[in-house]
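One structure is given here, and the rest of the page talks about it.
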Amino acid sequence: MKAIMFAVGSIVLAPAVWATECRVDIDNDVYFSANSLKVGDTSGAYLEIDHEDQVTVEGEVLALTPEQQLAIESYKQRLAEYGPRVKQLTDDGLSIALDIIDEVSIAMDAPHAFDDLKSALADYFGQLQERYYSQDGFSVPAASFDELIEQWQQELEEAKALFTREFFEDAFNALSAKMNQEGGLNLTQMAEEMGELKGQLEQKFREHANQLKKDKDSLCDELEGMKQQEQELHQKIPQLKNYRVFTI
């Protein structure tokens, strides 16, 4: 089930966990809502760029030159767009997984065979995303790469267990119903058909794996560009240097 688990792993991509894919530390907490960006450190101090792009550091409003103001606006906009892009890729990954499950269930002439699996996946990943996304924005907590790896591995194992349990339970129920209609339960045939179903799912997920990897690589490249932009911003506005978001 390696290909299936790759797809499941691609879905477990909330913003903080995404950092594991790009090998990055998140140095400070990040909050974006109502077109306002806030970056806070563990002491409670924070940088805020409000909806009018006014910059406040530890309660003091900075007077910026036109060049500094443009740099702030560009940085804020780029960071604001990144969170939704990660969410969109996650949503697309889940949509692909559900479509593939539908294709397999239709092929076995049982279009609702995996409804429980689909519902469980959607609920699980919806709960994960709720940690990071709200109606008007997103938040990412500070964490080291090692901490993010540990979190990602835990959530991936939970997702694997969920997928495996629901898949085999739904497949067993669907095949049992079909065999009972055809004359009775045959455990040997059951095992063979479940193996075929697993193979069909693996093949279909494998067909999408390359595109998922390209999309992830593209976002990692964007993250590298954002890190460079952040460094340039801190050179232009030294007061912001304690509010670094990324270390790659």
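The figures here come from the full heavy-atom set of this structure, side chains too, leaving out hydrogens, waters and symmetry mates. Residue numbers run from 1 in the order of the sequence given.
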**Prompt:** side-chain hydrogen bond (donor to acceptor under 3.5 Å, both in side chains) with D50: which residues, sequence neighbours excluded?
**Reply:** none
**Prompt:** Would E81 and Q77 count as having a side-chain donor-acceptor pair, cut-off 3.5 Å?
**Reply:** yes
**Item:** Hphob cluster co-occupancy, Y31 + Y243, side-chain heavy atoms under 4.5 angstrom
**Value:** no
**Message:** Contact between K87 and F138 at the side-chain level, heavy atoms closer than 4.5 Å - yes or no?
**Reply:** no
**Hydrophobic cluster identity match, I26 and Y46, side-chain contacts under 4.5 Å** = no
**Asked** Backbone N or O of E222 within a donor-acceptor pair of the Y82 side chain at under 3.5 Å?
**Response** no
**Item:** Cation-aromatic face contact K227/F246, 6.0 Å, 45 degrees
**Value:** no
**Message:** Please say yes or no: joined through hydrophobic side-chain contacts below 4.5 Å, possibly via intermediate residues, are V245 and V57 part of one cluster?
**Reply:** yes
**Request:** Would you give the length of the straight line joining atom CD1 of I237 to atom CD of E67, rounded to the nearest 0.5 angstrom?
**Result:** 9.0 Å
**Asked** Is the shortest distance from a Lys or Arg side-chain nitrogen in K178 or D109 to a carboxylate oxygen in the other one below 4.0 Å?
**Response** no
**Message:** If you define the side chain from C-beta out and look only at heavy atoms, does anything of Q129 sit under 4.5 Å from D91?
**Reply:** yes
**Prompt:** Looking at side-chain heavy atoms only, is the closest gap between Q239 and E58 below 4.5 Å?
**Reply:** no
**Prompt:** Does one hydrophobic cluster hold both F172 and F114, with members joined at side-chain heavy-atom distances below 4.5 Å?
**Reply:** yes
**Message:** Are the side chains of N28 and N242 in contact, using a 4.5 Å heavy-atom criterion?
**Reply:** no
**Prompt:** Do side-chain atoms of E166 reach the backbone of K118 as a donor and acceptor pair under 3.5 angstrom?
**Reply:** no
**All side chain to side chain contact (heavy atoms under 4.5 Å, CB included) counterparts of A191, not counting sequence neighbours** = none
**Request:** Could you grab the distance from atom NZ of K38 to atom OG1 of T56, nearest 0.5 Å is fine?
**Result:** 9.5 Å
**Message:** Nearest 0.5 angstrom please: Q88 CD to S95 OG, how far?
**Reply:** 9.5 Å
**Request:** Calculate, to the nearest 0.5 Å, the distance between atoms NZ and CG belonging to K241 and L47 respectively.
**Result:** 14.5 Å
**Prompt:** Are E169 and N173 linked by a side-chain donor-acceptor pair shorter than 3.5 Å?
**Reply:** no
**Trace of the side-chain hydrogen bond (donor to acceptor under 3.5 Å, both in side chains) decision for Q235 with Q231** = CA-CA 6 Å; Q235 290 174 357; Q231 290 174 339; over 6 Å; no
**Fill in**
To the nearest 0.5 Å, atom CG of L94 lies from atom CG of D99 at 9.5 Å
**Asked** Between S105 and D102, is there a donor-acceptor pair closer than 3.5 Å when you use the side chain of the first and the backbone of the second?
**Response** yes
**Any side-chain heavy-atom pair of L240 and I72 under 4.5 Å** = yes
**Asked** For the atom pair CD (E52) and OG (S36), what is the distance rounded to the nearest 0.5 Å?
**Response** 10.5 Å
**Check against side-chain contact (heavy atoms from CB on, under 4.5 Å), E73 and I49** = CA-CA 9 Å; E73 293 172 7; I49 308 172; over 6 Å; no
**Message:** On a heavy-atom basis, which atom in R244 and which in D27 lie closest, and how many Å separate them?
**Reply:** NE-OD2, 2.8 Å
**Asked** Under 4.5 Å between side-chain heavy atoms, hopping through other hydrophobics if needed: is there a path connecting F168 to L175?
**Response** yes
